[in-house]
Amino acid sequence: MINQITPKTWKLMSILATISLIVFILLQLLPSLNATATSTTSSKPISNDKAIEIATAFAEQHTGFNIEKAEAYHQANKAYTGYIMKEQLQKTHEEKFENIVPFDQYQVNLRFASGKGNGYVIMSLYTGQVTGWNFSIPGTEADAAATLTALKQEITEQKFPLNADTNFDMYEAVSQPTWASITTPSKHSIGWYVSNDELFIGEAILQIDTVVLETSEGTIVSRYLPDFIIPDEYTAYTEKQDLFAGIWTYGIYMGFTFIFGVLAIIYAILYRRHTSFKYGAWLTAISTLISVLVNFGFLKSQLGLQTNTISGDGFANLFMIGIVIVSVLFGAVGVYFSFIAGDGLWKAQGFRLWPRFRDQDYGHYIWNMMKMSYLLAIILLGIQNVIYLLLTTVLGTWSANDASQSFLNFEYTWLYPAVAWMAAITEEVIYRYFGVGIFRRWFKNTWLAALIPSLVWAAGHTLYPLYPASTRILELVIIGMLFTFIMVKFGFIAAMFTHAIFNTILMSMQLVIYGGTIDLISSIVFIVLPFFIAYGIKLLHNNSNKGSNSSIVSAK
């Protein structure tokens, strides 16, 4: 018989969940809603299609060339937004610079017809106001008089203050071939940095990078990119932090994850008499399918943002597809053998953390674990916010905008919460079910065994735009230890459900605040999805004739 959750445990977790829900609402939900309500911009981004329409019309009118194809992506200036958040200058930015350098932008990549080149247009994510562009088109260097005349006219139209304090600093611009179009020859032209001492925020000074060309359609400003010169001290600090995060991600996280994969294969063979090679096959298939969906859902935007060209162009597209296929296959192998090895390791140590469908009352167990997982997810959300508040107070933690994983860059935005399930399955089986299992086999102590896998798991989140980079390590080591407690107390299924619900709530907040009606409906569906999964399993089990006595042994 599977152990049941006692009334005392239900009561305790319900009280903790209620307290945590209040904490979550006060520290995260209400501030997010308040920031949206008080922002000078609209709370809803313009549509992807609208951004393309605006950019296409602007580029065709500005250059005189027709647009053949266009793609829009959510973009943000990580360095500038991070500096503003650190110095708490958000209000000043909104009042003074949001119309010049928007916090959140659409970058619309363009390809001109008849081989006339390519480029991109930058605009406000919320208003669609064009704030910058960069066109690589046929043309020659304009003479100095024509250059300054065109520049002054353009910056006046863009409402840049043109007065005696405006500086024009000339430089030679050389455009090199990109990995997306290796055959494109390099191009030399004259560029100008335009600045004005009146335009600064904190110690950051606004500067516009411009290039003027003589084309078949006349003299045009082919590049107009407003940006801020960030103080060297801030830039040097974040570069060191990014290096630190890279070492933790690529050295520790990826290195140890590969080692875990190899060990999982070895221990699956060594402990095969305690388990079965059919265990975990369904969950591996589900996580792999979601992984394919997620990787290809972000592939187009990653190519577009990295190359500033149409995503399907050039060798880069095939190269990235190859990387995705290889990584998904390797990931599937690691997940599958982690299920088998983890199951064998825990059973060999006298624990049964993953009941089977043949067990008596299995359907009832899954139903209870689903209900408990909602309470546990809410508790973790409250704890996470308290941890973040403490780290912000002690370390002065701040965040920057990084739109690379934005749901707006996911081709199927309404399926964005599926990412939560991929993380829940793969991370819980690799770093908890197998990771903690193997270290417990070596160290004979559950909590000492949980420390190293939790550290490795946390290391995989250090590239998030949060400074200092150690913030995520400290935060997620604690969360990882709590996930371990959930697994040994309630079983692997409870840990997986809790992780999925936890991530889904956080991801759904973005869809609810910034998405459309379909995104809202999708968020609700994914949040209640564990309920329907558990109900379906319970119904299927109750209609089955299988069943035998067995129980879960929890860690003490």
Atom CG of Leu199 and atom NZ of Lys96: how far apart are they, to the nearest 0.5 Å?
-> 6.5 Å
If only atom types and distance count, is the side chain of Asn109 paired as donor or acceptor with the main-chain N or O of Gly304 below 3.5 Å?
-> yes
Side-chain heavy-atom pair Ser32, Met509 within 4.5 angstrom cut-off = yes
Atom pair CZ (Phe410) and CG (Leu299), whose distance is rounded to the nearest 0.5 Å | 11.5 Å
Residues in ring-ring contact (aromatic ring centres under 6.0 Å, His included) with Tyr73, at least two apart?
-> none
Which heavy-atom pair separates Pro417 from Phe526 by the least distance, and what is that distance?
-> CB-CG, 3.5 Å
Taking the side chain as every heavy atom from C-beta outward, state whether Asn66 and Glu60 have any atom pair closer than 4.5 Å.
-> yes
Compare all side-chain heavy atoms of Ile84 with those of Ile201 and state whether any distance is below 4.5 angstrom.
-> yes
Ring center gap for Phe258 and Phe260 short of 6.0 angstrom = no
Val130 side chain reached by Ile54 side chain, heavy atoms, under 4.5 Å = yes
Can you check whether Glu53's main-chain N or O pairs, donor with acceptor, with Thr56's side chain at less than 3.5 Å?
-> no
Euclidean distance, Ile501 CD1 relative to Ile527 CD1, rounded to 0.5 Å = 9.5 Å
Residues in side chain to side chain contact (heavy atoms under 4.5 Å, CB included) contact with Glu87, at least two apart in sequence or another chain | Tyr83, Leu89
Does the Ser20 side chain pair with the main chain of Gly382, one donor and one acceptor, at a distance under 3.5 Å?
-> no
Those residues at least two apart in sequence (or on a different chain) that pass ring-ring contact (aromatic ring centres under 6.0 Å, His included) with Phe200 are none
Which of these passes ring-ring contact (aromatic ring centres under 6.0 Å, His included) with Phe135: Phe65, Tyr224, Phe112, Tyr120?
-> Phe112
Heavy-atom pair of closest approach, residues Val456 and Ile252 | CG1-O, 4.2 Å
Answer yes or no: is there a donor N or O on one side and an acceptor on the other, between the side chain of Ser522 and the main chain of Ile518, under 3.5 Å?
-> no
Partner set under ring-ring contact (aromatic ring centres under 6.0 Å, His included) for Phe244, not counting sequence neighbours = Trp248
Sequence neighbours left out, what pairs pass side-chain hydrogen bond (donor to acceptor under 3.5 Å, both in side chains) with at least one residue falling in residues 468-477?
-> Gln384-Glu475, Thr397-Thr471, Arg472-Glu475
Can you name the residues that form a ring-ring contact (aromatic ring centres under 6.0 Å, His included) with Tyr388, not counting sequence neighbours?
-> none
Value for CD1 (Ile473) from CD1 (Ile478), rounded to nearest 0.5 Å, stands at 12.5 Å
Just wondering, more than 12 heavy atoms not from Asp169 lying within 6.0 Å of its CG?
-> yes
Approximate separation, where rounding is to 0.5 Å, of Gln302 CD and Thr307 OG1 = 11.5 Å
So Thr166 and Asn196, side-chain hydrogen bond (donor to acceptor under 3.5 Å, both in side chains) or not? Walk me through it.
-> CA-CA 5 Å; Thr166 302; Asn196 190 303; 3.1 Å; yes
Given side chains that start at C-beta, do those of Phe103 and Leu125 come closer than 4.5 Å, heavy atoms only?
-> no
Taking the side chain as every heavy atom from C-beta outward, state whether Glu428 and Thr498 have any pair of such atoms under 4.5 Å apart.
-> no
Starting from the C-alpha separation in whole Å, work towards a yes-or-no answer on side-chain hydrogen bond (donor to acceptor under 3.5 Å, both in side chains) for Thr210 and Tyr193.
-> CA-CA 6 Å; Thr210 66; Tyr193 289 128; over 6 Å; no
Quick check: does any side chain N or O of Glu95 sit under 3.5 Å from a backbone N or O of Thr92, one acting as donor and the other as acceptor?
-> no
For the side chain to side chain contact (heavy atoms under 4.5 Å, CB included) test, which of Ile122, Asn99, Leu225 pairs with Thr131?
-> Ile122
Spacing of CD belonging to Gln75 relative to OH belonging to Tyr106, to within rounding of 0.5 Å | 12.5 Å
Residues passing the side chain to side chain contact (heavy atoms under 4.5 Å, CB included) test with Leu148, sequence neighbours excluded, are Phe168, Trp192
Can you list the residues that meet the side chain to side chain contact (heavy atoms under 4.5 Å, CB included) rule with Ser399, with sequence neighbours excluded?
-> Met85, Leu466
Applying side chain to side chain contact (heavy atoms under 4.5 Å, CB included) to Asp519 and not counting sequence neighbours gives Phe407, Thr413, Trp414, Leu511
Could you tell me whether Phe483 and His499 have their ring centroids closer than 6.0 angstrom?
-> yes
Sub-4.5 Å side-chain heavy-atom contact between Glu71 and Val108 = no
Within-4.5 Å side-chain heavy-atom neighbours: Leu476 and Leu455 | no
Aromatic ring proximity, centroids under 6.0 angstrom, His62 and Phe58 = yes
Sequence neighbours excluded, every pair satisfying salt bridge (Lys or Arg N to Asp or Glu O under 4.0 Å) that has a member inside residues 233-254 | Lys78-Asp242
Any donor-acceptor pair under 3.5 Å linking the side chain of Asn118 with the backbone of Arg111?
-> no
Using the test salt bridge (charged side-chain N to carboxylate O under 4.0 Å, His left out), find all partners of Glu411 that sit at least two apart in sequence or belong to another chain.
-> none
Give the minimum heavy-atom separation between Ala459 and Thr462, together with the two atoms involved.
-> O-OG1, 2.9 Å
Sequence-distant partners of Asn401, side-chain hydrogen bond (donor to acceptor under 3.5 Å, both in side chains), two or more places apart | Asp104
Do Tyr253 and His461 have ring centroids that are under 6.0 Å from one another?
-> no
Check for a donor-acceptor pair, side chain of Asn295 on one end and backbone N or O of Ser291 on the other, with a separation under 3.5 Å.
-> yes
Is there a donor-acceptor contact under 3.5 Å from the side chain of Gln207 to the main chain of Asp227?
-> no
Backbone N/O of Gln88 and side chain of Trp398: donor-acceptor pair under 3.5 Å | no
